[in-house]
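Reading through the C-alpha cells given below for one structure.
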Amino acid sequence: QVQLVESGGGLVQTGGSLRLSCVVPGGTFSSYTLAWFRQAPGKEREFVAAISWNSGTHYTDSVKGRFTISRDNAQKTQYLQMNSLKPEDTAVYYCAADRTRTYYSGTYDLDKSYEYDSWGQGTQVTVSS
C-alpha cells in the first residue's frame, strides 16, 4: 500500500463549496478505481463516491447532484468537488485507491472500504449552519 496525500478541507457555511484533492503516488494511476469516504464523529466510515479507470462514476444517494468526483491521470490526482454543502456533510474525508483490481469497470463492492488498499490521511470538512 501507499500513502495518499489529501488537501482542500476546511470550514464553510451551509450552501458553500469546497474541492478536495488527493495525489496517488507511484504505480499505474490510470488503471485504478478511486474513491472518497467520510466519517462523522461517533459514526462509521461511509462511502461517498467512486470513479473507475474509464471515468464511470458512482455516488451515495445523499450527495447525488451536489458532489462530483473526477480524476486527472496526468497529475495522478483525484478530486471531489462539493457544492451546496449541508451541516450533515461535516466529517473527516478520506480518499482511497484500489490498486489491485486494475482496469475494473464493474460496481461490485465499490462502496466497501475493504476493497481499497491505499488511503489518505483524512481532511476535515466542517459545514456551519
Give the cluster check for [X] versus [Y]: same hydrophobic cluster or not, with ILVMFWY residues linked at side-chain heavy-atom distances below 4.5 Å.
{"X": "Ile51", "Y": "Leu4", "result": "yes"}
{"X": "Leu110", "Y": "Val48", "result": "no"}
{"X": "Leu34", "Y": "Phe67", "result": "yes"}
{"X": "Leu80", "Y": "Trp119", "result": "no"}

Query - Validation row: Met82, Val63 side chains within 4.5 angstrom (heavy atoms) - result: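 No, every pair of side-chain atoms sits at 4.5 Å or beyond.
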
Just verifying a value: how many Å separate [X] [atom1] and [Y] [atom2], rounded to the nearest 0.5 Å?
{"X": "Gln124", "Y": "Thr90", "atom1": "CD", "atom2": "OG1", "result": "7.0 Å"}
{"X": "Arg38", "Y": "Arg45", "atom1": "CZ", "atom2": "CZ", "result": "13.0 Å"}
{"X": "Thr33", "Y": "Asn54", "atom1": "OG1", "atom2": "CG", "result": "8.5 Å"}
{"X": "Tyr114", "Y": "Asp109", "atom1": "OH", "atom2": "CG", "result": "3.5 Å"}
{"X": "Ser62", "Y": "Glu88", "atom1": "OG", "atom2": "CD", "result": "8.5 Å"}

**Report entry** Sequence-distant partners of Asp117, salt bridge (Lys or Arg N to Asp or Glu O under 4.0 Å), two or more places apart
**Finding:**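 Residues passing salt bridge (Lys or Arg N to Asp or Glu O under 4.0 Å) with Asp117: Arg99.
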
Query raised in the report: Are side-chain N/O atoms of Asp98 and Thr100 paired as donor and acceptor at under 3.5 Å?
Result: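 The criterion, which ignores hydrogens and geometry beyond distance, is satisfied for Thr100 and Asp98.
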
Query raised in the report: Is the closest side-chain donor-acceptor distance between Trp53 and Ser105 under 3.5 Å?
Result: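 Trp53 vs Ser105: donor-acceptor pair found between side chains.
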
Quick one: closest heavy-atom pair of [X] and [Y], and the distance?
{"X": "Phe29", "Y": "Thr77", "result": "CZ-N, 3.5 Å"}
{"X": "His58", "Y": "Phe47", "result": "O-CZ, 3.8 Å"}
{"X": "Tyr93", "Y": "Glu6", "result": "O-OE1, 2.7 Å"}
{"X": "Tyr94", "Y": "Gly120", "result": "CD2-O, 3.7 Å"}
{"X": "Val92", "Y": "Gly122", "result": "CG1-CA, 3.8 Å"}
{"X": "Ala91", "Y": "Ala40", "result": "CB-N, 3.8 Å"}

**Report entry** Donor-acceptor contact present, side-chain Thr123 to main-chain Gly9, <3.5 Å
**Finding:**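 Yes, the answer is positive, given that a donor and an acceptor are paired below the 3.5 Å cut-off.
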
Query raised in the report: Would you say Arg71's side chain and Ser52's backbone share a donor-acceptor pair under 3.5 angstrom?
Result: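 Indeed, once roles are kept as given, a pair shorter than 3.5 Å links the two residues.
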
Query raised in the report: Passes side chain to side chain contact (heavy atoms under 4.5 Å, CB included), Tyr104 versus Glu115? Steps please.
Result: CA-CA 12 Å; Tyr104 179 68; Glu115 281 297 344; over 6 Å; no

Query raised in the report: With the threshold set at 4.0 Å, does a side-chain nitrogen-carboxylate oxygen contact exist between Lys64 and Asp61?
Result: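 Salt bridge: yes.
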
Please report, to 0.1 Å, the donor-acceptor pairs under 3.5 Å made by any side chain of residues 13-25, with sequence neighbours excluded.
residue	atom	partner	partner atom	Å
Thr14	OG1	Ser128	O	2.8
Ser17	OG	Asn83	OD1	2.9

Query raised in the report: In terms of the angle between their ring planes, are Phe37 and Tyr116 parallel, tilted or perpendicular, with boundaries placed at 30° and 60°?
Result: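 It falls in the perpendicular class, over 60°.
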
Query raised in the report: Between Arg66 and Tyr59, is NZ or CZ placed under 6.0 angstrom from the six-membered ring centre and within 45° of the ring axis?
Result: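 So Arg66 doesn't make the cation-pi contact.
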
